[in-house]
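What follows is a short report on a single structure.
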Amino acid sequence: MSETAVSCDDLTKHYQMGEVTVRALRGATFEVPAGSLVVLLGPSGSGKTTLLNLIGGLDTPTDGRVFVDHQEVSKLVEPELTEYRRKKVGFIFQFFNLVPTLTAQENVGLIGELAGNADEAADLLERVGLGERLDYYPAELSGGEQQRVAIARALIKRPYLLLGDEPTGNLDYETGLLVLQLIRDISDESDLTVLMVTHNAAIGQMADIVISLRSGHVEDIEENESPIPPSELRW
Ligand code: ADP
Ligand code: MG
């Protein structure tokens, strides 16, 4: 039996918009085994980003609990919440969020400094296939290359969790597949637990576990006995 990395118990998030209550997440309950690659799948507005942000400590729940590595994230308050995000969670986003005035190596090294391993930036960029691009600025890199820098930046913290919100949503099909292959390889070669949000059902086929969301509910949880290599995904 594998260790449980993430555990959500009746996790609920409401947003108050004036007089309207938006029920973004309506009681999500599930467990994620350590080391697995999980896809959170659902249409736009189904609560994927809300759920990922609660797990990553970017937002706090209205009700329910979330545990990561046996720590109850849902009861953390600042500054512990920031500490949790900084130490435990690597994030990758749809729009890369690199610092435009820093080179690839500086973008990764900046986060590495917080963890005391900034000197690993070049090796990590090599690992994601950018060994020849260390001194390039984000504007000099393609979208796929920028996302690789963002992945290296997430990994330099040696996080417990890698969270991706539509990480290929802004990439063309071929480039997207290469980034998905990199994410699959990282999952296979490390103990990292990876949670990736997407609205694309085809991407679910590369995951070990697919958690389907609809209107803020967990609709289905499916285990893939034999995940499909990203290079074979079609949509
Ligand atoms: P998804 O990522 O699946 O597209 P979200 O988690 O972003 O879905 O959003 C779920 C629902 O919650 C949507 O109806 C969205 O409009 C609403 N929502 C998300 N964030 C906020 C917010 N900060 N304030 C108000 N409503 C929000
Ligand atoms: Mg979203």
Side-chain angles (χ1 to χ4, degrees), residues 6-32 36-68 73-74 76-78 81-82 84-85 89-98 143-144 146-147 150-151 153-154 159 161-173 175-177 179-180 183 193-222 230 233 235:
V6 178
S7 166
C8 294
D9 178 16
D10 205 17
L11 199 60
T12 304
K13 181 69 185 184
H14 296 167
Y15 293 106
Q16 200 61 41
M17 303 286 287
E19 297 189 351
V20 178
T21 303
V22 180
R23 292 180 164 77
L25 202 60
R26 304 172 186 234
T29 300
F30 59 86
E31 288 188 352
V32 171
S36 51
L37 194 169
V38 177
V39 158
L40 302 173
L41 177 68
S44 177
S46 58
K48 307 182 296 294
T49 294
T50 300
L51 176 55
L52 201 73
N53 289 349
L54 293 175
I55 294 169
L58 290 171
D59 205 348
T60 51
T62 307
D63 217 335
R65 304 196 294 172
V66 52
F67 296 84
V68 174
V73 177
S74 42
L76 297 180
V77 291
E78 299 297 354
L81 203 53
T82 299
Y84 161 73
R85 281 195 301 270
V89 192
F91 293 97
I92 39 178
F93 301 100
Q94 185 172 352
F95 294 104
F96 325 133
N97 299 355
L98 300 176
Q146 289 182 62
Q147 194 59 296
I151 291 171
R153 179 184 59 181
L161 275 185
L162 179 64
L163 304 182
D165 195 348
E166 308 264 8
T168 60
N170 199 37
L171 302 176
D172 65 71
Y173 174 74
T175 307
L177 290 185
V179 167
L180 292 174
I183 291 170
T193 304
V194 183
L195 276 76
M196 179 167 56
V197 158
T198 179
H199 62 274
N200 184 344
I203 293 178
Q205 297 175 291
M206 68 174 274
D208 302 314
I209 299 171
V210 181
I211 299 175
S212 299
L213 295 177
R214 184 169 292 275
S215 308
H217 289 287
V218 174
E219 190 179 53
D220 192 31
I221 301 177
E222 243 182 296
L233 297 177
W235 64 81

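For the numbers below, each heavy atom of this structure counts, side chains included, while hydrogens, waters and symmetry mates do not. These figures come from a predicted structure and were not determined experimentally. Both ligands and their constituent atoms are indexed starting at 1 by order of listing.
Closest heavy-atom contact between Gly144 and Leu171: N-CD2, 3.5 Å. Residues Val39 and Gly204 share a closest heavy-atom pair of CG1-CA, 4.0 Å. The minimum heavy-atom distance between Met206 and Leu180, with the atom names listed, is CE-O, 3.4 Å. Nearest approach of Tyr173 to Leu233, heavy atoms of both residues: OH-O, 2.9 Å. Contact between Thr50 and Ala24 at its shortest, heavy atoms only, is OG1-CB, 3.7 Å.
With Cys8 as reference, Val66 is the one residue of Ile211, Val66, Leu25 to meet the side chain to side chain contact (heavy atoms under 4.5 Å, CB included) rule.
The backbone N or O of Leu40 lies less than 3.5 Å from no partner atom in the side chain of Lys48, so there is not a single donor-acceptor pair. Proximity of a side-chain donor or acceptor of Ser36 to a complementary backbone N or O of Val38 within less than 3.5 Å is not detected. A side-chain donor-acceptor contact under 3.5 Å links Lys13 to the backbone of Thr60.
Residues with a heavy atom under 4.0 Å from ligand 1: Tyr15, Met17, Val22, Ala24, Pro43, Ser44, Gly45, Ser46, Gly47, Lys48, Thr49, Thr50.
Protein nitrogen, oxygen and sulfur atoms, that is N, O or S, within less than 2.8 Å of the Mg ion (ligand 2) amount to 1.
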